[in-house]
Amino acid sequence: MNTLEQIQNFKGKYPKQIWSLFFSEMWERFCFYGMRGMLVFFMIDQLNFEETAANLQYGATQAFVYAFTFVGGLFADKILGFRKSLFWGGILMIVGSLILATDPHQFFFLGIAFTVVGTGFFKPNISTMVGKLYKSDDSRRDAGFSLFYAGINLGALLGGYLCIAIGKGEMLSSVIAEGARWNVAFGLAAIVMVISLINFVFTQRSLGPIGLQPQMMRLDGTYYPIEKWKEYGVYILSLVFVPLIMVMVAKTEYTDYFMWTIGPLVLIYLFYEMSKVNAAERKKLWAALIFILFSILFWGIYEQSGGSLSIFAAKNLNKDLFGLDPNGVNNSAGAFFIIFLAPLIGLLWIWLSKRKIEPNTVIKFGLGFIFLGLGYYVLFATRLFADLQGVTSLNIFTIALLVITLGELCLSPIGLSIMTKLSTEKLQGMMMGLWFLASAYGQYVAGIIGANLATAKEGSTNYDALIAYTDGYKQLGIYAVIAGVLLILISPIVKKLMQDVK
Ligand code: GLU
């Protein structure tokens, strides 16, 4: 078995174990984004939901998915370890997609609830393991996370496109009977999740001690394994959550209560954990919390893509980009750009670091916001290219997505990386869960912002919609730039809290 020392002393740009995590995460994201991409459409088209109800329930599932990453991270730290968590999460995701594949009409919310809990156990813990491949002062870590992020988006692109295309009958319709299309589409999510787990099982040996179950310490300083009943207790508890989530997603006001309660509770718990560490560690956790809070704002603005931007794409965009469908472009252009840009930006960080001019994490975050703001400004500028019907250029819209994606790359992979650097050894999973919990709030906030932008009234024209949406995007752009400038201004304070971490 490799020792941690051997793994972390790797030569070259990336540790070789990163590929195992890359592929497992890629297939998991295929399953996740494949499913997510079908939800709203399936609810409206197949389950006859009203548009608003479908959007609200979609938002609720997304908020729960990311909220559960906190639970998954916490249990991984305390009881299961990262590997068992990942495996358990993967199994639940497979069960969820198999249920959907069997009868998506009848068991829709049951299947979704399994997937929500499963993702909570899988997603934060695989990201934490990437961090474990590096020594704490290794400057190649951000590059590793950028590569891993490319894997995430490769899965997102393939799953996001293929599943819905099969479900709608736009692909393989000659070989799949009409009545079986949705079953096959959900079944595909199950198959790729099996591939993800098989890949992990066969390659996990190379991870050496990384991700093994934590051990308990006796008073005399010796260790003993976690009791089995605790491990089984976690498995049973996670199954208990399944019906609860079904109820909460079905009645979205419960989601509001949940979101208003979970945040404060989690903060109280974090402060309790912070009271147990030393002063230097506590300062780092404060810095992590600042990044987490800013990321809520980032995702709140960014996540318009699933909501208001998809309505904007449907109403206000032409097909001047190779005749492509504007909604398809809106769904997948970000992932497409990331696949090419993430490794390049990763290498750029390494190149800058060799010359000792790599910006630190706070500045990268600040840049992330500034790019996000500029991207939204380009969205605003689409109105300058509109015709009298309020239809404007998909090309310009795609440029906006490119700029927004540059912002995402300065923040999202870097955020994963910094969580692994600022957390204490015992809080790694929980802090990663907290990072994703911020995404849960981002999704939630994004829904509220999107609903406020959708001012389309009875009798309003496409041109009115164009003006209303682009005004809103300009506002969001301004907020993003202000947040970026603020981050850069407070960077000396945050850097102090981070101490030796860059
Ligand atoms: N798109 C990224 C992923 O799926 C980011 C998720 C997030 O933090 O919201 O991993």
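Atoms within a ligand are numbered from 1 in the order they appear, just like the ligands themselves. Being a predicted model, the structure only gives us computed values, none of them experimental.
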Between F68 and F258, what is the ring plane arrangement, given parallel below 30°, perpendicular above 60°, and tilted in between?
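Plane angle under 30°, so parallel.
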Under 4.0 Å from ligand 1, residues with heavy atoms, in chain and number order, are R29, Y33, Y66, K123, Y149, I152, W299, S412, F436, S439
(message) Determine whether the aromatic ring centres of residues F22 and Y14 are separated by less than 6.0 angstrom.
(response)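 Ring centres of F22 and Y14 not closer than 6.0 Å.
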Sorted by chain and residue number, the side chain to side chain contact (heavy atoms under 4.5 Å, CB included) partners of S491 (sequence neighbours excluded) come out as V362, I363
**OP:** Mind checking side chain to side chain contact (heavy atoms under 4.5 Å, CB included) for K364 and listing every partner two or more places apart, or none if nothing turns up?
**Re:**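 Partners of K364 by the side chain to side chain contact (heavy atoms under 4.5 Å, CB included) criterion, ordered by chain and then number, come out as D142, W349, E358, P359, I414.
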task: Using salt bridge (charged side-chain N to carboxylate O under 4.0 Å, His left out) as the criterion, list what pairs up with D138, not counting sequence neighbours.
output: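 D138: salt bridge (charged side-chain N to carboxylate O under 4.0 Å, His left out) contacts with R140.
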So CG of L341 and CZ of F336: to nearest 0.5 Å the spacing works out to 9.5 Å
